[in-house]
> 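One structure follows; several queries about it will come next.
Numbers for residues simply follow the sequence, beginning at 1. Worth knowing before you read on, the calculation uses all heavy atoms, side chains too, and leaves out hydrogens, waters and symmetry mates.
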Amino acid sequence: QLQASGGGLVQAGGSLRLSCSASRGTFSSITVGWFRQAPGKEREFVASTSWSGSSTEYADSVKVRFTISRDNAKDTVYLQMNSLKAEDTAVYYCAATGYPQTVVAARLYPYWGQGTLVTVSS
C-alpha cells in the first residue's frame, strides 16, 4: 500500500521532491527507505529514515544533496533532491520495513511502492 510520487523531468542542477505515502495509517511504526534503479543497473540504496525520524542514512553518492524526512501525521515520507545530476536519472522506489532503525539492504524491506521516474537532463 505504498505509493511513490513526485518524479518528473528536471534539468541538471535542479530539484525535485518525492513523496511516499501509505494507504493505511501505519507509517509511524515503520522504517522507510528510498531506492533507485537506473536503466541497465541494479537497484541501489538511496536513503532511509527510522520510524521516529531521529535517525537517517544516505548513500555516499547523494549525501549532502538529498534529504529524507517524514511527517507521520500525514503518513508520508519525503525525499528532497537538490543539485540533481544526470546520473541521478532512475526509477525511484520507496519501501517499508518493521526494523526500528535505518536499513540499507533492500532484502530487508518486505513492502515496496510502484516507483516514480526521475529524469535529469544534462
Side-chain angles (χ1 to χ4, degrees):
Q1 297 90 0
L2 297 176
Q3 183 170 2
S5 61
L9 174 64
V10 63
Q11 290 187 335
S15 299
L16 279 177
R17 188 177 77 161
L18 305 183
S19 298
C20 177
S21 59
S23 59
R24 300 179 181 178
T26 59
F27 255 32
S28 62
S29 59
I30 60 175
T31 284
V32 176
W34 284 98
F35 292 78
R36 66 186 181 186
Q37 187 166 19
K41 295 187 177 181
E42 295 186 353
R43 188 172 300 188
E44 65 175 357
F45 170 78
V46 175
S48 178
T49 175
S50 62
W51 67 269
S52 67
S54 61
S55 178
T56 58
E57 191 166 1
Y58 298 91
D60 289 341
S61 59
V62 306
K63 208 170 287 184
V64 177
R65 299 188 298 121
F66 290 11
T67 302
I68 189 171
S69 62
R70 65 191 302 157
D71 185 341
N72 287 339
K74 296 183 178 179
D75 292 326
T76 303
V77 170
Y78 305 99
L79 184 68
Q80 178 67 43
M81 306 186 296
N82 299 328
S83 302
L84 283 163
K85 305 175 182 179
E87 51 262 45
D88 294 318
T89 294
V91 176
Y92 284 72
Y93 300 88
C94 63
T97 177
Y99 284 87
Q101 297 300 324
T102 57
V103 177
V104 173
R107 62 182 175 81
L108 297 180
Y109 287 87
Y111 308 106
W112 290 80
Q114 85 289 0
T116 185
L117 177 62
V118 172
T119 303
V120 183
S121 62
S122 57

> So, does Thr89 use its side chain to make a donor-acceptor pair with the main chain of Val120 at under 3.5 Å?
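Checking the backbone N and O of Val120 against the side chain of Thr89, a donor-acceptor pair under 3.5 Å is found.
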> Report the distance from atom OG of Ser122 to atom CD of Gln11, rounding to the nearest 0.5 Å.
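CD of Gln11 is found 10.0 Å from OG of Ser122.
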> Relative to each other, are the rings of Phe35 and Trp112 parallel, tilted or perpendicular (30° and 60° limits)?
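Judged by the thresholds at 30° and 60°, the geometry between Phe35 and Trp112 is tilted.
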> Salt bridge check: are Asp88 and Lys85 linked by an N-O gap of less than 4.0 Å?
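No, no charged N to carboxylate O under 4.0 Å.
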> In Å, rounded to the nearest 0.5 Å, how long is the span from OG of Ser50 to CD1 of Ile68?
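Taking OG in Ser50 and CD1 in Ile68, the distance rounds to 9.5 Å.
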> Could you give the distance from CZ (Phe45) to OH (Tyr58), rounded to the nearest 0.5 Å?
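Separation between the atoms: 9.0 Å.
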> Within the side chain of Arg70, is there an N or O that forms a donor-acceptor pair under 3.5 Å with the backbone of Gly53?
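Answer holds: no.
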> Can you tell me how far the CH2 atom of Trp51 sits from the CD1 atom of Ile30, to the nearest 0.5 Å?
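Here the rounded value is 12.0 Å.
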> Measure the OH-OH distance between Tyr109 and Tyr93 for me, rounded to the nearest 0.5 Å.
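Tyr109 atom OH to Tyr93 atom OH measures 16.0 Å (nearest 0.5 Å).
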> Please determine which of Leu79, Val46, Val91 meets the side chain to side chain contact (heavy atoms under 4.5 Å, CB included) test together with Arg36.
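Among Leu79, Val46, Val91, the one meeting side chain to side chain contact (heavy atoms under 4.5 Å, CB included) with Arg36 is Val46.
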> Can you tell me which residue pairs pass the disulfide (SG to SG under 2.5 Å) test with a partner in residues 77-110, sequence neighbours excluded?
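Found Cys20-Cys94.
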> Spell out, as yes or no, whether a donor-acceptor pair under 3.5 Å connects the side chain of Thr76 to the backbone of Lys74.
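Yes; at least one donor-acceptor contact below 3.5 Å.
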> Hey, can you pull the donor-acceptor pairs under 3.5 Å for the side chains in residues 96-108, sequence neighbours left out?
unit_1 : atom_1 : unit_2 : atom_2 : d
Thr97  : OG1    : Tyr99  : N      : 3.4
Thr97  : OG1    : Leu108 : O      : 2.9
Thr102 : OG1    : Glu57  : OE1    : 2.9

> Please answer whether the main-chain N or O of Ala4 pairs with a side-chain N or O of Gln114 as donor and acceptor at a distance below 3.5 Å.
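Here the side-chain-to-backbone pair exists.
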> Give a yes/no verdict on a cation-pi contact between Arg17 and Tyr78, requiring under 6.0 Å between NZ or CZ and the six-membered ring centre and an angle within 45° of the axis.
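Ring-cation test returns yes.
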> Begin with the C-alpha distance, continue with both residues' side-chain angles, and end with the deciding distance and a verdict on side chain to side chain contact (heavy atoms under 4.5 Å, CB included) for Ser15 and Asn82.
CA-CA 4 Å; Ser15 299; Asn82 299 328; 2.9 Å; yes
> What distance separates Ser121 OG from Leu84 CG, expressed to the nearest 0.5 Å?
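If we round to the nearest 0.5 Å, Ser121:OG and Leu84:CG are 10.0 Å apart.
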> Apply the test side chain to side chain contact (heavy atoms under 4.5 Å, CB included) to residues Leu18 and Val118: give CA-CA distance (whole Å), side-chain angles for both, the deciding distance (0.1 Å), then the verdict.
CA-CA 9 Å; Leu18 305 183; Val118 172; 4.0 Å; yes
